[in-house]
Every structure is written in C-alpha cells, then in structure tokens.
Amino acid sequence: MTRAWILPMLLVLCGSVVATGLISKGSFGSASGLLLVFVALAGVNSPVIFPRPISAREAQHRSVVDGRPVVFWRPGCKYCIRLRIRLGRDARKVHWVNIWRDPEGAAAVRAANDGNETVPTVIVAGRPHTNPGPEWVRAQLSASA
C-alpha cells in the first residue's frame, strides 16, 4: 500500500468508528448517512480519483516534451475535483502536481496567482491559467496531440 492511500483509509476508519457509536445509540439512519459522507471524502482524496501526482519539476519537463498541460491541485479542492471528474479519461493525459506534497509546485502556483495558492492552476506552454473550465483543458489536450 502506498502513502496515497493513508488519508482515504483513515477517513473510512474514522467514519466507521463514529457510525458504530451512532448505531450503538440506535441511530441507524444517521450512522449510514455519516458513513456515506466519510466514504465519499475518502473517494475524492484517493488515487482512484486523481492520477498519481508527480513533482512540479518532472511535470514541467514532461510538458515541454509532450506539450500536455500541467495541473496544480490540492486534496479537498472542489474545483480540482470538478475538473478531474469532468475531464474523465482525458485526466490521465494531464500532468498532475499536488501542491501540498510539492513545495516547488506550491511556489509555482503562488507566483502565478499574486502570492495565493489558488487551484486548480493549469500551465500550458509556460502560461498559467487559474481555474479554467474542463472543456478548455480538454481543448488544450487536443492541441498538444
């Protein structure tokens, strides 16, 4: 098991503990609802939703070679999740950098956004674009093919 699975597993474990406490008090509906919330949070923070992140340095190098966009994101960001889900299978073609795991990535995002860590920030051909629509990112993938 990789480190990427630790947070999702902790979320499921915590949700299970809280749900068990609610079940012991007779609140089956609340327990199942709360457990579903924890499982959903685990899902959006798992490597199943986001492809394996790489370093900013590696992503920028790959982007120069293949012309594909670099997406800087962070776990829990609803706009990042929306972008990932709406890209569908095309998300695997993008280079993903988790700014919470890569200080260089976080610095690149701050440089592009007046000192703010606004994500998703997408770099295409060396130019940053803050929170672009999924259709725009998909079009950039088509242009790089």
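We count residues from 1, following the sequence as given. In what follows, every heavy atom counts, from backbone to side chain, and hydrogens, waters and symmetry copies are set aside.
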Which heavy-atom pair separates Ala108 from Phe72 by the least distance, and what is that distance? CB-CZ, 4.1 Å
Least distance between heavy atoms, Arg74 atom then Cys80 atom: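 Taking Arg74 first and Cys80 second, the nearest heavy atoms are N-SG, 3.9 Å.
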Is any side-chain heavy atom of [Y] closer than 4.5 Å to one of [X]?
X: His61; Y: Val65; value: yes
X: Ser63; Y: Ile123; value: no
X: Val122; Y: Val70; value: no
X: Tyr79; Y: Val119; value: no
X: Glu117; Y: Ile99; value: yes

With a 4.5 Å cut-off on side-chain heavy-atom distances among I, L, V, M, F, W and Y, is there a chain of contacts connecting [X] to [Y]?
X: Val109; Y: Leu83; result: no
X: Leu35; Y: Leu41; result: no
X: Val124; Y: Leu87; result: yes

Do [X] side-chain atoms and [Y] backbone N/O form a donor-acceptor pair below 3.5 Å?
X: Arg62; Y: Gly67; value: no
X: Arg68; Y: Leu141; value: no
X: Arg84; Y: Gly88; value: yes
X: Asp102; Y: Glu104; value: yes

So, Asn113 and Thr121: side-chain donor and acceptor under 3.5 Å apart, yes or no? yes
Show me the donor-acceptor pairs within less than 3.5 Å that the side chains of residues 8-30 make with the rest of the protein, sequence neighbours left out.
from: Ser16; atom 1: OG; to: Val12; atom 2: O; distance (Å): 2.8
from: Thr20; atom 1: OG1; to: Ser16; atom 2: O; distance (Å): 2.7
from: Ser24; atom 1: OG; to: Gly21; atom 2: O; distance (Å): 2.7

Arg57 CZ: over 12 foreign heavy atoms closer than 6.0 Å: no
If the condition is side-chain hydrogen bond (donor to acceptor under 3.5 Å, both in side chains), which residues does His95 pass it with, not counting sequence neighbours?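 Testing His95 for side-chain hydrogen bond (donor to acceptor under 3.5 Å, both in side chains), a comparison that skips the adjacent residues, returns Asp66.
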Mutual orientation of the aromatic rings belonging to His129 and Trp136 [parallel < 30°, tilted 30-60°, perpendicular > 60°]: tilted
Taking atom CD1 of Ile54 and atom CD of Gln60, what is their separation to the nearest 0.5 Å?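 Result: 9.5 Å between the selected atoms.
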Verdict with reasoning, Val97 to Val71, per side-chain contact (heavy atoms from CB on, under 4.5 Å): CA-CA 6 Å; Val97 178; Val71 177; over 6 Å; no
